[in-house]
Amino acid sequence: MLDVTYIRTHAEDVKQGMRNKGVETPELVDKLLETDEAWRSLVKETDDLRNESNTKARKIGQLMGQGKKDEAQEIIEHTSKLKEEIKQKEEQLDTLKQQREELLLRVPNVPHASVPVGHSEEENEVFKTWGTPGEPEKWQRPHWELVEEQGWIDFERGAKVTGAGFPFYVGPAAKLQRALINYFLNRAAQEGYTELQVPYFVNEESARGTGQIPDKEDMMYEIPRDEFFAIPTAEVPVTNFRRDEIIELEELPLYYTAYTPCWRREAGSYGKDVRGLNRLHQFDKVELVKMVHPDTAYDELESLREYAESLLEELGIPYRTLLMCTGDMGFTQSKKYDLEVWSPAQERWLEVSSCSNFGSFQARRMMLRYRNDEGDTEIVHTLNGSGLALPRVMAAILEIYQQEDGSIAVPEVLQPFMGAETIQAG
RNA sequence: GGAGAGAUGGCUGAGUGGUCGAAAGCGCUCCCCUGCUAAGGGAGUAUACCCCCAUACGGGGUAUCGAGGGUUCGAAUCCCUCUCUCUCCGCCA
């Protein structure tokens, strides 16, 4: 959610941002400002009436205290019309306020000046490439074939027990996954992130806070009986962790990390894109969240990106970093990088991390604030990134570190966690 | 799951229909006093929104005492619904 005052004073920038992102129509801004104007004048009228009513009530109280019942009674008789008026105004006010809110929620975040303008993923900028995306060896197999043959990941039994996209990881694959989680969490701790263990279900307010509702509620699994949502990413509980709080200046910046499973309905996905570990309904991820001073937000985005990149470099996985163009970056972000690893068997890039700056967009909706030098409250800026999403990293390892006999050379940094240098093929 | 108690400002905690956005204490900030320390005195100290004035400062108003609704001229205080917390019992990793 953007600041209305900002929209009022920078209407043209906001409209241009919308055009660049290709969402909604700029007329939305005009309609919003109109509604806002109407709402504000009605607030004034209503508050004035309420003031009158309060003044009278106070007067009555005084008179009663002095035992002047008759005089009090006289005033009381004159209040019924006022009461009715207030009630009417309040109803109108409710409607307008709601309209204003709805319009406001539909205005996307404005892209940062450094973001390339574009309409589709083709116009994303390759920001960085690391390592050599290799040609597949003739014996090198896609990860899904290998894991099925070796019994390391059991998609079929997962489908039996729950459904498609809910695999079992068995033996060495389960251990490899745990090794990655531990590695990522330990590295995040070194980097200054505070580790959180979080609820895996959230209520509607939290989903609203990070913007899954009203925009993307179809992505989430719902537990209607208890009115919970299964988290689609740890971003939701972690960012909401400090919702409705005022953070002292000295506390900033706050870095949080959490490992969680993530559940996504991924409605409408099928075909070869979702084979194996490419896309699942349940997957594991280590998430990174930053709450920072507005002045440092874009620097924090760079360091977040660099940190996520360093994980892939330490694992020896070739990757590239994309700077997302305006049309491909999403509603809530002002700037976003995607990290993609190379899958040699599929000869394609797979997204394993997305690092975003939301500016004040999320925090405003959550009333996540800090107290500045002057003691005034201001909205915190939030960022997040994956550090990293597990399945595709695992897929990359299973392919890149695959040896001719089907065994897997364990990346050096994971060996302490695995207690072995190789995962033997059976 | 059953029975009961409760939810007030950064914290503790008063307040059961009228001048209460809320006593008091603690904490915090500024000032004064004392040669440092301790003690003491004074002032200030919630959040959001609207309006005026004005790009600083300032002034006025509205709302908020867990949330939402209701009664009343007037609600922290009375009524209803919900949420959460605590105690006891049951169950349980």
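All values below come from the heavy atoms of this structure, side chains included, with hydrogens, waters and symmetry mates left out. Just so we're on the same page: letters track the sequence lines, and every chain starts at 1.
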Of the options [options], whose atoms approach the side-chain atoms of [X] most closely?
{"X": "A/Arg369", "options": "B/U47, B/G61, B/C51", "result": "B/U47"}
{"X": "A/Met64", "options": "B/G18, B/U19, B/G61", "result": "B/G18"}
{"X": "A/Arg40", "options": "B/G18, B/C51, B/U47", "result": "B/C51"}
{"X": "A/Trp39", "options": "B/C50, B/A63, B/U19", "result": "B/C50"}
{"X": "A/Lys83", "options": "B/U72, B/G61, B/U47", "result": "B/U72"}
{"X": "A/Thr79", "options": "B/C73, B/C50, B/U47", "result": "B/C73"}
{"X": "A/Ala57", "options": "B/G74, B/U62, B/C51", "result": "B/G74"}
{"X": "A/Asn54", "options": "B/A63, B/C73, B/U19", "result": "B/A63"}

How long is the line joining [atom1] of [X] and [atom2] of [N], in whole Å?
{"X": "A/Glu101", "N": "B/A48", "atom1": "CD", "atom2": "P", "value": "16 Å"}
{"X": "A/Arg58", "N": "B/C73", "atom1": "CZ", "atom2": "P", "value": "18 Å"}
{"X": "A/Lys68", "N": "B/G18", "atom1": "NZ", "atom2": "P", "value": "19 Å"}
{"X": "A/Gln66", "N": "B/U19", "atom1": "CD", "atom2": "P", "value": "14 Å"}
{"X": "A/Lys87", "N": "B/C73", "atom1": "NZ", "atom2": "C1'", "value": "15 Å"}
{"X": "A/Glu374", "N": "B/U29", "atom1": "CD", "atom2": "P", "value": "18 Å"}
{"X": "A/Arg371", "N": "B/U45", "atom1": "CZ", "atom2": "C1'", "value": "10 Å"}
{"X": "A/Leu93", "N": "B/A63", "atom1": "CG", "atom2": "C1'", "value": "11 Å"}

Can you tell me how far [atom1] in [N] sits from the matching atom in [M], rounded to whole Å?
{"N": "B/A76", "M": "B/G21", "atom1": "P", "value": "8 Å"}
{"N": "B/C26", "M": "B/C82", "atom1": "P", "value": "42 Å"}
{"N": "B/U29", "M": "B/G15", "atom1": "P", "value": "31 Å"}
{"N": "B/G59", "M": "B/C53", "atom1": "C1'", "value": "8 Å"}
{"N": "B/A43", "M": "B/C88", "atom1": "C1'", "value": "49 Å"}
{"N": "B/G66", "M": "B/A5", "atom1": "C1'", "value": "16 Å"}
{"N": "B/G9", "M": "B/C28", "atom1": "C1'", "value": "14 Å"}
{"N": "B/A23", "M": "B/U77", "atom1": "C1'", "value": "15 Å"}

For [N], the Watson-Crick or wobble counterpart (both distances under 3.5 Å):
{"N": "B/U71", "value": "none"}
{"N": "B/G35", "value": "none"}
{"N": "B/C49", "value": "B/G61"}
{"N": "B/G9", "value": "none"}
{"N": "B/C82", "value": "B/G66"}
{"N": "B/U29", "value": "B/A43"}
{"N": "B/A93", "value": "none"}
{"N": "B/U55", "value": "none"}

Are A/Phe127 and A/Tyr337 near enough that their ring centres are under 6.0 Å apart?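 When the ring centroids of A/Phe127 and A/Tyr337 are compared, they turn out to be within the sub-6.0 Å range.
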
A/Leu414 versus A/Leu180, closest heavy-atom pair with distance: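 Closest approach of A/Leu414 to A/Leu180: CD1-CD2, 3.6 Å.
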
Would you please test A/Tyr256 and A/Tyr193 for ring pair (Phe, Tyr, Trp, His ring centres under 6.0 Å) and show each step? CA-CA 5 Å; A/Tyr256 292 111; A/Tyr193 289 86; 9.0 Å; no

Base, sugar-phosphate or nothing for A/Ile75? Non-hydrogen atoms, less than 4.0 Å.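 No contact.
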
Could you tell me whether A/Ile246 contacts a base, only the sugar-phosphate backbone, or nothing, with contacts defined as non-hydrogen atoms closer than 4.0 Å?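 The answer is sugar-phosphate, as A/Ile246 gets under 4.0 Å only of primed atoms, P, OP1 or OP2.
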
Parallel, tilted or perpendicular: which describes the rings of A/Phe331 and A/Phe361, with under 30° parallel and over 60° perpendicular?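 Ring orientation of A/Phe331 relative to A/Phe361: perpendicular.
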
Classify the angle between the aromatic ring planes of A/Phe417 and A/Tyr183 as parallel (below 30°), tilted (30 to 60°) or perpendicular (above 60°).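 Plane angle over 60°, so perpendicular.
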
One pair to check against ring pair (Phe, Tyr, Trp, His ring centres under 6.0 Å): A/Phe358 and A/His381. What are the steps and the verdict? CA-CA 7 Å; A/Phe358 301 95; A/His381 282 205; over 10 Å; no

Between A/Thr377 and B/U47, is there a side-chain N or O to OP1/OP2 distance below 4.0 Å?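 A/Thr377 to B/U47 OP1/OP2: no side-chain N or O under 4.0 Å.
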
Quick check on RNA chain B: between A/Gly61 and A/Asp94, whose nearest nucleotide comes earlier from the 5' end?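 Here A/Gly61 is the residue nearer the 5' end.
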
Nearest-nucleotide wise, let me know which of A/Lys56 and A/Glu52 is further upstream toward the 5' end of RNA chain B.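 The residue closer to the strand's 5' end, by nearest nucleotide, is A/Glu52.
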
Any ion pair linking A/Glu102 and A/Arg106 (charged N to carboxylate O, less than 4.0 Å)?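 Here A/Arg106 does not pair with A/Glu102 in a salt bridge, since their nearest N and O are not under 4.0 Å apart.
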
Check the pair A/Asp299, A/Thr296 against side-chain hydrogen bond (donor to acceptor under 3.5 Å, both in side chains), reporting the backbone distance first and the verdict last. CA-CA 5 Å; A/Asp299 291 340; A/Thr296 66; over 6 Å; no

